[in-house]
Amino acid sequence: MNWGVVVFPGSNCDRDCVHVLRAVLGHDVLEVWHADSTLDGVDALVLPGGFSYGDYLRSGAIAATAAVMPAVRRFAASGGPVLGICNGFQILTEAGLLPGTLMRNAGLRFRCVPVWVRVESAQTPFTAGLVPGTVLQMPIAHGDGGYLAPPDEIAQLEATGRVVFRYCDASGRPTEAANPNGSVNGIAGVAGVQGNVVGLMPHPERASEALLGSADGRRLFESVAGWLAAHRRAPRMAEGVA
Amino acid sequence: MTPVAPTDAAARAGLSARDYRDVCARLGREPNPTEARMFGVMWSEHCGYKHSKKVLRRLPSASPRLLSGPGENAGVVDLGHGWALAFKMESHNHPSAVDPYNGAATGVGGIIRDILAMGARPAALLDSLRFGPLDEPRPRRLCGGVVAGIAGYGNAIGVPTVGGELLTDPCYRDNPLVNVACLGLVRADRVATSAAAGPGHAVLYAGARTGRDGIGGAAFASTELDEQRESEDRASVQIGDPFTGKLLIEATLEALATGEVVAIQDMGAAGITCATSEIAARSGVGMTINLDRVPLREKGMRADEILLSESQERMLLIVPQGAASRIAAIYHRWGLQAEVIGSVTEAPRLCVTWHGAPVVDLPPEALAGAPAYDPPAEMPAGLEARWAVDPSTLVAMPVADALLRLLRHPDVASKRGVFEQYDHMVGVRTVVRPGAGAAVLRLIDAPPLAVALTADGNARWCEADPRRGAAAIVLEAAANLACVGAEPVAVTDCLNFGSPERPQVFWTFREAVEGLAHACEALGVPVVGGNVSFYNEAECVGDNRAIFPTPVVGMAGLIEDVAQTTRPGFARDGDLVVLIGPTDAALGASLYTRALAGDVAGRPAEPDLDGAARAVRLVRESVRAGLLASAHDISDGGLAVALAEACIHGDRGAVVTVRRDPAVLFGERAARFVVSVSPDALPALQARAHEQGVPLHVLGAVGGRTLRIEFGDADPVEIALDALAEAFHALEV
Amino acid sequence: MPTFRVTIMLKPGVLDAPGQAVEHGLRALAYQVDRVRMGKVVELTVPEAMRAKVGEMCERFLANPLIETWRIDELETVS
Amino acid sequence: MPTFRVTIMLKPGVLDAPGQAVEHGLRALAYQVDRVRMGKVVELTVPEAMRAKVGEMCERFLANPLIETWRIDELETVS
Ligand SMILES: Nc1ncnc2c1ncn2[C@@H]1O[C@H](COP(=O)(O)OP(=O)(O)O)[C@@H](O)[C@H]1O
Ligand SMILES: [Mg+2]
C-alpha cells in the first residue's frame with residue numbers, strides 16, 4: 001500500500017516514520033511537502049511528530065494553516081485513514097479534525113519515557129487488527145501532551161468508543177501514576193467522528209523494532225492494510241499503480 | 001619595525017599592546033578601527049587559541065581511520081562499510097553563566113553546525129555539565145536553565161541527547177561548565193571541507209538574517225567573569241531559534257547532496273569575519289565581500305557589526321558561480337535566506353566593501369593565524385604537600401552510611417531528572433538509552449554497525465594530579481565503551497581551565513594535555529578535535545580563583561554487531577560477580593574523601609596505561625563473544641558504588657566478599673569493571689584474562705533482594721535493594 | 001489585594017522567532033499584517049505589602065533582563 | 001497603520017500550570033503572592049483595511065477558544 005507522510009517545516013519524526021513504513025514494513029511511502037495541494041495516490045496518511053514552525057504560539061497551531069491542510073481535510077472527509085503522532089496529533093486538534101486540545105504536561109516538563117497504553121477501541125484503521133484491552137509499550141517524548149476537552153465532549157468520546165488509547169501500567173490498569181502528563185481520563189489517543197482520523201501522543205514509529213525496545217507500535221501501521229481491504233478502498237498497488 | 005602604541009580603537013577591540021604591534025607588523029600599517037575589531041575577536045583566546053596552540057600539538061591525531069582531523073570544523077573518522085562519523089565537543093561556559101537557557105541552547109546550535117559543516121547529519125548529542133552544589137539556589141537555577149536550554153534546542157531540531165555527565169563541586173558555584181558534543185554520520189565519500197575554495201567561486205550566505213545579537217561574544221568568552229561584567233556583557237548573549245536551526249540542517253544537507261558545494265563552514269564565533277577569513281586562509285585564496293548583500297534583520301547596522309555579529313543559524317558556502325542560484329533555491333524552498341555576498345579571488349586578500357566603499361583589505365591568514373604564545377608554567381605550590389596527606393585517615397563512617405551517602409551524591413545519583421527532559425530517542429537509532437554508561441546508536445543504513453558514545457571527566461583527580469587525572473579520564477571513557485562492546489575510534493575533548501596567564505594554571509593545563517596524550521596513545525585512539533575554554537574563574541571559596549582543571553573527554557566507539565552489547569545491571573540470579581582489574585585502588589582525590597570529608601587530599605593512583613588498555617580489550621572482546629551477562633565500569637565511588645549500581649540497574653541483589661578496607665570499597669582507579677557471568681562461562685573468561693594478563697577476582701554471586709558485603713568476619717554489611725534504589729534515585733534536578 | 005499585569009516583550013533588535021512564525025501563520029490564512037511581536041503576560045495578585053516589590057520580581061524572576069523589557073500596570077480590583 | 005495588543009489568558013477553570021509554577025518560584029524567592037496567572041501577548045500592526053479583521057484573527061488563529069479568552073486593545077500609534 002501507499003503511505004503519505006507529511007513534512008512540515010520543523011517536523012522531525014518524518015524520516016523515522018518513512019524508515020518504519022518503508023524499510024521495516026516494506027510499504028511504499030510518498031513524502032508530502034507542506035506546500036503541496038494534493039494527496040493523489042495516497043492510501044493512508046501520517047502527520048509525524050516534531051516541532052512544526054517551532055511550535056510557537058501553540059503546538060501545531062501554525063502547521064494547521066499550512067497549504068496542504070485543505071487536501072488533508074478532503075482526504076479525511078472521504079474516509080481516508082489519517083494518523084497524527086505527537087505533534088501530528090496537536091496539528092489535527094488545531095485544525096479541528098480531532099476534538100480537544102493538548103495542554104502543557106502537568107509536570108510542566110518535556111518528558112521522554114516509555115509508557116504503556118491500552119487499546120480501547122478497534123473501530124479505527126489503526127487498531128482494526130487489535131483486540132480492545134491489548135497493552136502496547138511505546139515511548140512518549142513531548143512537552144504538551146495533556147489531553148483536554150470539555151466534560152460533555154469527553155463523555156461523548158468515552159460513550160462512542162472514540163477514546164482509542166489510554167495510558168495504563170504494564171498490566172493494563174489505567175492508574176494515576178501511569179498517566180505521564182495529566183491527560184483527562186488518561187486519554188493518550190482519540191478518533192474523529194468517522195473513526196478514520198486518529199491522533200495519539202506516544203510514538204509507534206519508535207516502537208516498531210525489537211532492537212529499540214518494543215515492536216508494539218508496528219501493529220498500528222500493520223492494521224491499516226486489512227482495514228483498507230475491508231473498507232474497499234483498495235490499496236494503490238492492487239490497482240497496478242506503481 | 002618601530003613599535004606602535006595601541007590606539008583607542010585597538011584598546012576598544014581588546015587587543016593587547018603586544019598583539020597590536022604584531023597586527024601592525026603583519027599588515028605593514030595600522031589597522032583601521034573595523035579591522036582592529038576583527039583582529040580583536042579573531043585573536044581572542046576563544047577563536048585564536050593563542051595560549052593553547054603549541055601544547056595541543058601534543059595530542060595524537062594520527063589514525064588509519066582518520067578522514068579529516070583537527071583544523072577542520074570537526075574530526076571525521078571512517079567506520080567502514082562506506083560510512084564515517086564526525087565528532088566534536090564545544091564549551092559554552094561563559095554565555096551559560098550569564099544566561100543559562102540561551103547560553104546552553106546556542107551551545108547546542110553551534111556544535112551542530114560544526115558537524116553539519118563536515119557534510120554529516122547530526123545524529124546525537126552529549127552534554128557534560130558542572131555546577132555548584134545543587135542544594136544552593138544559584139547553582140540550582142543555573143542547572144535548571146541549562147538543562148532546559150539544551151532540551152529546548154536539541155529536542156526541537158530532532159537530534160537526540162543520548163548521554164552526558166552532571167557533576168557538582170563548590171568550585172563551579174559561579175562558573176558553571178556547559179560542554180556539548182555532537183556526533184554526525186556521513187557517507188565516507190561525501191565528507192565536506194572548508195579548504196577547497198577556488199578563484200571565481202561564489203560566496204553564498206545561507207540561513208537566518210544577521211542582527212546585532214552576540215556581537216563580540218567570542219571575545220567575551222575569553223574574559224574572566226565577575227558580577228560587574230555580568231551586567232555589561234548582556235549585549236553579547238545570543239538567542240537561538242531551533243526552528244530555523246532545523247530548517248538549516250535539512251536545507252544544507254540537501255544542498256551538499258547536489259555535490260556542487262566546494263567548501264562550507266558554519267558562522268559561529270566572529271560570524272562572517274571568521275568564516276570568510278578561515279575558508280580563504282585554509283584554501284590559500286582571497287575573497288571580495290559586499291556587505292550590502294548580507295540579509296539583515298535590523299536597520300542601521302554598522303559594517304563592523306555585520307562582520308562580527310554572532311547571529312545564530314547561518315552557514316557560508318562556496319559554490320561555482322553557475323550553481324549559486326540552484327543552491328540558493330534549495331534554501332529558499334526551506335524558507336531560509338540565501339544570498340551571494342561575494343566571490344573568491346586568486347590574490348590572498350580579504351577585501352570587504354560597504355555602501356560601495358572599501359572597509360577591510362588584509363591577508364586572511366593574518367586574521368586566521370593568531371600568534372602562538374609560550375606562557376610560563378609553574379607547578380602549583382602545595383601540590384606535593386597535598387600528595388603527602390594520607391586520605392584514609394579523613395573519613396570515619398560506617399560502610400553502609402558511606403555507601404548510601406555516595407549513592408545520593410549528585411555525581412553518582414541517577415540523572416534521570418535530566419535525561420528524561422531530553423528526547424533521546426528521536427531518529428530511531430538509540431539502542432542503549434541514557435541511564436548507565438555509554439549510549440549505543442545503530443547505523444540505520446549500515447546494519448549491524450553501531451556507534452557507542454560517552455562523555456567523561458573527573459576534575460577531582462585533575463585538581464590533585466592533572467596528568468594522572470586526565471589520563472584516567474580517557475581510560476574511564478574507554479571502559480564505558482568496552483562495557484557495550486565498542487572499540488574506541490575517536491576522542492574529542494573540551495579543556496576547561498582558569499586563566500592561562502597564571503603560570504600555575506598553565507602548568508596544570510600542560511600536564512593535563514600530556515595525560516590525555518599518553519592515554520590516547522596507549523589506547524591507539526586519535527583526538528580528532530576539541531575545544532579549549534580558559535578564564536573559567538570567578539568568586540569561589542572567598543578569593544578569586546580558578547575552577548578545578550576540568551578536561552572533559554567525549555569518546556566514540558565502533559560496534560561491529562549491534563546485537564553484541566551488554567548492560568550494566570546484573571541479569572540472572574546465580575551468576576558470578578567478578579571484578580576485572582586490580583583490587584588495589586586509591587582514596588587519593590576520591591569522591592569518598594571529597595564528598596565525606598570535603599577534601600581533595602592525597603594523590604590519585606598512577607594509571608597503568610598498558611594494563612588498563614588490556615583490561616579494556618578483555619572486557620570488549622568478552623562482551624562481543626557474549627561471555628558476560630552484565631558489565632559496568634567502576635568509577636566515582638569505587639567498587640562499592642559500582643556493585644550497588646549493578647544491583648539497582650538489574651533490580652537484583654548480590655552477595656560478595658572483600659577485604660574490610662575503605663580503599664578496596666571506595667578507592668578509585670580507572671579501567672576496572674564489575675561484570676557478571678554464568679558459572680559455566682567463568683573458565684572461558686578466566687582463560688582470556690590469564691592470556692591478556694589482566695587480574696580477575698570472583699567476588700560472589702548475584703541473587704536476593706539485598707546487597708550483602710561480607711568481610712570474612714562477624715559483621716557483614718547488608719542493605720536492602722529498595723534502600724539503595726531510593727538513594728540512587730533521590731536526585732531532584 | 002492589588003492585581004498587576006506585567007507585560008513582557010523582547011527588547012528591540014532581539015530575534016523574535018515566535019513573532020515571525022505567527023506572522024507567517026496569519027499570512028497563510030490570507031490576512032495582511034505588517035508586523036507581529038510576541039510577548040508574555042503575568043497577572044499577579046499580591047498582598048498590599050508586596051506592592052513595592054513587583055518591579056523587583058520582574059527583574060529577578062519574571063523577565064530575563066538580558067533580552068526582555070517589561071511594563072507593569074495595576075488593574076482595578078474587581079471585588 | 002494601527003497596532004493592536006491582543007492579550008490571551010486561559011479561561012477560568014482551565015488549570016494554569018505555568019501560572020502555578022511561577023507562583024511557586026516567587027514564593028521560593030520569599031515573595032508573598034496570592035495568585036499568578038500566565039498569558040500571552042501578540043502585538044499586531046496591520047493595514048487600516050484589516051482593522052475589522054483582528055477579532056476574527058483571534059477567534060480563528062491567535063487564541064484557542066476552547067481554553068483561552070482574549071482581549072484586544074488598540075495602542076496609540078507612535079508615528
Ligand atoms: N547531563 C546529562 N545528560 C544526559 N545524560 C546524562 C547526563 N548526566 C548523566 N547522564 C547519563 O547518566 C548515566 C550515568 O552517568 P555517569 O555516572 O557519568 O556514567 P558513567 O560513570 O558510566 O560515565 C550515563 O548513561 C550518562 O549518559
Ligand atoms: Mg562517571
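Only this structure's heavy atoms are used, side chains among them; waters, hydrogens and symmetry mates stay out. Just so we're on the same page: letters track the sequence lines, and every chain starts at 1.
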Got a donor-acceptor contact below 3.5 angstrom from the [X] side chain to the [Y] backbone?
X: A:N12; Y: B:V159; answer: no
X: B:R433; Y: A:V113; answer: no
X: B:D423; Y: A:A141; answer: no

Practice task
Enumerate by number any residue of residues 45-54 of chain A whose heavy atoms lie under 4.5 Å from heavy atoms of chain B; in the absence of such residues, state 'none'.
Solution key: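 Listed by number, the contacting residues are A:F51, A:Y53, A:G54.
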
Problem - SG on A:C112 to CE on B:M425, rounded to 0.5 Å - result: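 Result: 4.0 Å between the selected atoms.
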
Exercise for the section: To the nearest 0.5 angstrom, please state how far the CZ atom of A:R111 sits from the CD atom of B:E420. Expected result: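 The CZ atom of A:R111 sits 5.5 Å away from the CD atom of B:E420.
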
Over all atoms of both residues, closest heavy-atom pair of [X] and [Y]:
X: B:V428; Y: A:D16; result: N-OD2, 3.6 Å
X: A:F110; Y: B:Y422; result: CE2-C, 4.3 Å
X: A:C13; Y: B:V426; result: SG-CG2, 4.3 Å

Exercise for the section: Please check if atom CZ in A:R22 has more than 12 non-hydrogen atoms from other residues, nucleotides or ligands closer than 6.0 Å. Expected result: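 Yes, the 6.0 Å shell around CZ holds more than 12 heavy atoms from other groups.
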
Problem - Interface moiety of B:A156 toward chain A, non-hydrogen atoms closer than 4.5 Å - result: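 Both parts, heavy atoms under 4.5 Å.
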
Problem - Region of B:I157 that comes under 4.5 Å of a non-hydrogen atom in chain A - result: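 For B:I157, the contact with chain A is made by the backbone alone.
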
Problem - Under the ring-ring contact (aromatic ring centres under 6.0 Å, His included) test, residues paired with A:H34 that sit two or more places apart - result: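 Checked A:H34 against ring-ring contact (aromatic ring centres under 6.0 Å, His included); zero matches.
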
Exercise for the section: Sequence neighbours left out, what pairs pass salt bridge (Lys or Arg N to Asp or Glu O under 4.0 Å) with at least one residue falling in residues 48-72 of chain A? Expected result: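 Listed once each, the pairs are A:R58-A:E94, A:R58-D:E68.
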
Problem - Most contacts with chain A, counted as non-hydrogen pairs under 4.5 angstrom, among B:E250, B:R333, B:K246 - result: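 Of B:E250, B:R333, B:K246, B:R333 has the most heavy-atom pairs under 4.5 Å with chain A.
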
Exercise for the section: Go through the steps to decide whether B:R121 and A:R15 satisfy the test side chain to side chain contact (heavy atoms under 4.5 Å, CB included), and finish with yes or no. Expected result: CA-CA 12 Å; B:R121 173 174 286 278; A:R15 309 176 80 250; 3.4 Å; yes

Exercise for the section: Give the member of A:E205, A:E209, A:H203 that has the highest number of heavy-atom pairs under 4.5 Å with chain B. Expected result: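 Most heavy-atom pairs under 4.5 Å with chain B: A:E209.
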
Problem - A:P9 side chain reached by B:W334 side chain, heavy atoms, under 4.5 Å - result: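 They are not in side-chain contact.
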
Practice task
Report yes if some heavy atom in the side chain of B:T430 is under 4.5 Å from a heavy atom in the side chain of A:R206; otherwise report no.
Solution key: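 When only atoms from C-beta onward are counted, A:R206 and B:T430 do not touch, as no gap falls below 4.5 Å.
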
Exercise for the section: For chain A, find its close neighbours in residues 560-569 of chain B: heavy-atom separation under 4.5 Å, sorted by number, or none. Expected result: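 Checking residues 560-569 of chain B against chain A gives B:V562.
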
Exercise for the section: Counting only heavy atoms closer than 4.5 Å, note whether A:S11 contacts chain B via side chain, backbone, both or neither. Expected result: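 When you check distances to chain B, only backbone atoms of A:S11 fall under 4.5 Å.
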
